[in-house]
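Heads up, the thing below is written out as structure tokens.
By convention in this document, chain letters (A, B, ...) are assigned in the order of the sequence lines, proteins followed by strands, and residues within each chain are numbered from 1. Excluded from the calculations below are hydrogen atoms, water molecules and symmetry mates; all remaining heavy atoms, backbone and side chain alike, are included.
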Protein chains: 2
Amino acid sequence: MKLSSKYKYLFEEALEKCSLRPTKQREHIFSLILQKKDHPTADEIFKRSRASMPSISLATVYNCLESLVESGLIRQVNFERESTRYCPNLKPHAHFLCKKSGEVYDIELSKPLLDQITNALPSEFIAEHIEINFNGLKN
Amino acid sequence: MKLSSKYKYLFEEALEKCSLRPTKQREHIFSLILQKKDHPTADEIFKRSRASMPSISLATVYNCLESLVESGLIRQVNFERESTRYCPNLKPHAHFLCKKSGEVYDIELSKPLLDQITNALPSEFIAEHIEINFNGLKN
DNA sequence: GTTTTATTTAGAATTATTCTAAATACGCTT
DNA sequence: AAGCGTATTTAGAATAATTCTAAATAAAAC
């Protein structure tokens with residue numbers, strides 16, 4: 001599993017900024033997440049990654065995901081206390097979990113709406129991160 | 001730990017509707033959560049509840065919390081994969097976790113803003129629940 | 001090329017939560 | 001109020017996701 005040159009550059013830059021090394025494993029996992037844009041858990045990524053990199057370990061998958069999140073290449077998504085899922089969509093957006101299928105969908109949010117939500121905070125609160133999660137049913 | 005008559009009635013009604021029994025343990029835990037309106041975890045509630053009910057077990061605390069959530073008397077709050085916290089504020093609101101103090105604050109959201117957020121969903125999504133969590137710093 | 005430092009790896013450890021099965025309590029009927 | 005069926009409590013074991021540990025390997029700096 002290899003990154004296209006466009007993403008390869010992004011990948012190396014982003015890791016560089018955090019003084020992290022662009023290893024084979026990190027690249028492999030990043031490319032897997034980019035490829036199939038569902039919202040896989042660490043364990044799903046582990047299973048997928050073994051297909052083309054049989055020697056990878058689960059601990060490495062966790063480590064790599066942590067590095068990718070830290071460098072801002074992917075983000076985490078949590079629903080209640082389910083396993084953490086990972087998402088390569090970096091535009092601000094919300095998530096929707098369908099109770100029936102278990103699938104997660106990205107929900108775009110307009111900039112003005114996001115600003116309004118942030119403005120709902122009294123001034124003594126400085127938000128670093130907002131997470132907006134829906135759940136319900138999707139047709 | 002006893003409930004005031006106002007809450008006692010609410011408590012009994014709510015459990016009744018779900019065919020759950022108003023036991024001493026459930027009442028005790030509900031009153032603890034009402035009393036100190038921070039956002040305690042199951043373990044914190046367990047510790048507090050032992051002060052006045054030393055025989056209670058952790059499993060019971062989990063069971064009671066589940067019943068209280070099911071009957072709509074309290075709600076759960078999850079930040080990333082931290083322990084689930086519990087909240088007696090039933091008005092729709094968001095939560096803010098201060099990274100520094102670890103404290104959780106309720107953030108009121110106006111009805112029109114909430115409606116706008118729900119309307120951000122394309123029509124094929126039917127939301128049952130929305131969770132909005134901020135984190136950052138509070139002065 | 002050698003050294004330094006970061007990363008990977010397998011397996012053990014941890015943490016929050018759920019499960020299990022026996023004991024107890026609740027609430028309904030008589 | 002006694003008895004009965006069912007729900008709840010309890011302690012401890014089990015589970016699941018994740019993190020930790022320490023040795024082996026790989027990347028970067030010199």
Inset, instruction - Please confirm whether the backbone N or O of A:Ile56 pairs with a side-chain atom of A:Thr60, one donor and one acceptor, at under 3.5 Å? - result: no

Inset, instruction - Find the distance A:Met53:CE to D:dA26:P and express it as a whole number of Å. - result: 11 Å

Inset, instruction - Please figure out whether A:Leu20 or B:Gln25 has its closest DNA chain C nucleotide nearer the 5' end. - result: A:Leu20

Inset, instruction - Report yes if a side-chain nitrogen or oxygen of A:Thr23 is closer than 4.0 Å to either non-bridging phosphate oxygen (OP1 or OP2) of C:dT8; otherwise report no. - result: yes

Inset, instruction - Give one of base, sugar-phosphate or nothing for B:Thr60, where a contact means two heavy atoms less than 4.0 Å apart. - result: base

Legend entry - Sugar-phosphate, base or nothing in reach of A:Asp43, heavy atoms under 4.0 Å: nothing

Legend entry - Residue A:Arg26, side-chain heavy atoms: nucleotide from D:dA11, C:dT8, C:dA16 that is nearest: C:dT8

Legend entry - Spacing between B:Asn78 atom CG and C:dT15 atom P, to the nearest angstrom: 19 Å

Inset, instruction - Mind calculating the distance between NZ (A:Lys47) and C1' (D:dA17) to the nearest angstrom? - result: 12 Å

Legend entry - A:Ala42 versus A:Tyr86, closest heavy-atom pair with distance: N-CE1, 4.1 Å

Inset, instruction - Please check if B:Ile74 and B:Val61 belong to a single hydrophobic cluster, counting links between Ile, Leu, Val, Met, Phe, Trp and Tyr side chain heavy atoms closer than 4.5 Å. - result: yes

Inset, instruction - For A:Ser55, report the nucleic acid contact type (base, sugar-phosphate, nothing); a contact means any heavy atom under 4.0 Å. - result: sugar-phosphate

Inset, instruction - State whether A:Arg81 places a side-chain N or O below 4.0 Å from either non-bridging phosphate oxygen (OP1 or OP2) of C:dA16. - result: no

Inset, instruction - Grab the CD-P distance between A:Glu80 and D:dA17 for me, whole Å please. - result: 16 Å

Legend entry - Common cluster, B:Leu109/B:Ile130, ILVMFWY with side-chain heavy-atom separation under 4.5 Å: yes

Inset, instruction - Starting at atom CG of B:Leu68, determine the distance to atom P of D:dT9, rounded to an integer number of angstrom. - result: 10 Å

Inset, instruction - Salt-bridge test for A:Asp38 and A:Arg48: reply yes if a basic N is under 4.0 Å from a carboxylate O, no otherwise. - result: yes

Inset, instruction - Let me know the distance between CG of B:Leu65 and C1' of D:dT8, rounded to the nearest Å. - result: 15 Å

Inset, instruction - Could you tell me the separation between the CD atom of B:Glu66 and the C1' atom of D:dT8, rounded to a whole number of Å? - result: 12 Å

Legend entry - Main-chain N/O of B:Thr41 paired with B:Glu44 side-chain donor or acceptor, under 3.5 Å: yes

Inset, instruction - Determine, for A:Tyr105 and A:Lys138, whether the Lys NZ or Arg CZ falls below 6.0 Å from the six-membered ring centre while staying within 45 degrees of the axis. - result: yes

Legend entry - Minimum-distance nucleotide (side-chain atoms of B:Ser57 versus C:dG27, C:dT18, D:dT10): D:dT10

Legend entry - From D:dT18, C:dC19, C:dT7, nucleotide with atom closest to B:Ala59 side chain: C:dC19

Inset, instruction - Would you mind classifying the nucleic acid contact of B:Thr84 as base, sugar-phosphate or nothing, using non-hydrogen atoms under 4.0 angstrom? - result: sugar-phosphate

Inset, instruction - Would you indicate which nucleotide in D:dT10, D:dT6, C:dT7 comes nearest to any side-chain atom of A:Arg21? - result: C:dT7

Inset, instruction - Using a cut-off of strictly less than 4.0 Å, decide whether B:Tyr62 has a side-chain nitrogen or oxygen near OP1 or OP2 of C:dT18. - result: no

Legend entry - A:His39 backbone acceptor or donor facing A:Arg85 side chain under 3.5 Å: yes

Inset, instruction - Quickly work out the A:Glu82 CD to C:dA16 C1' distance and round it to whole Å. - result: 15 Å

Legend entry - the helix from C:dG1-D:dC30 to C:dT30-D:dA1: angle between end helix axes, five pairs per end, rounded to 10 degrees: 30°

Inset, instruction - Name the closest nucleotide to the B:Ala42 side chain, picking from D:dT18, C:dT17, C:dA25. - result: C:dT17

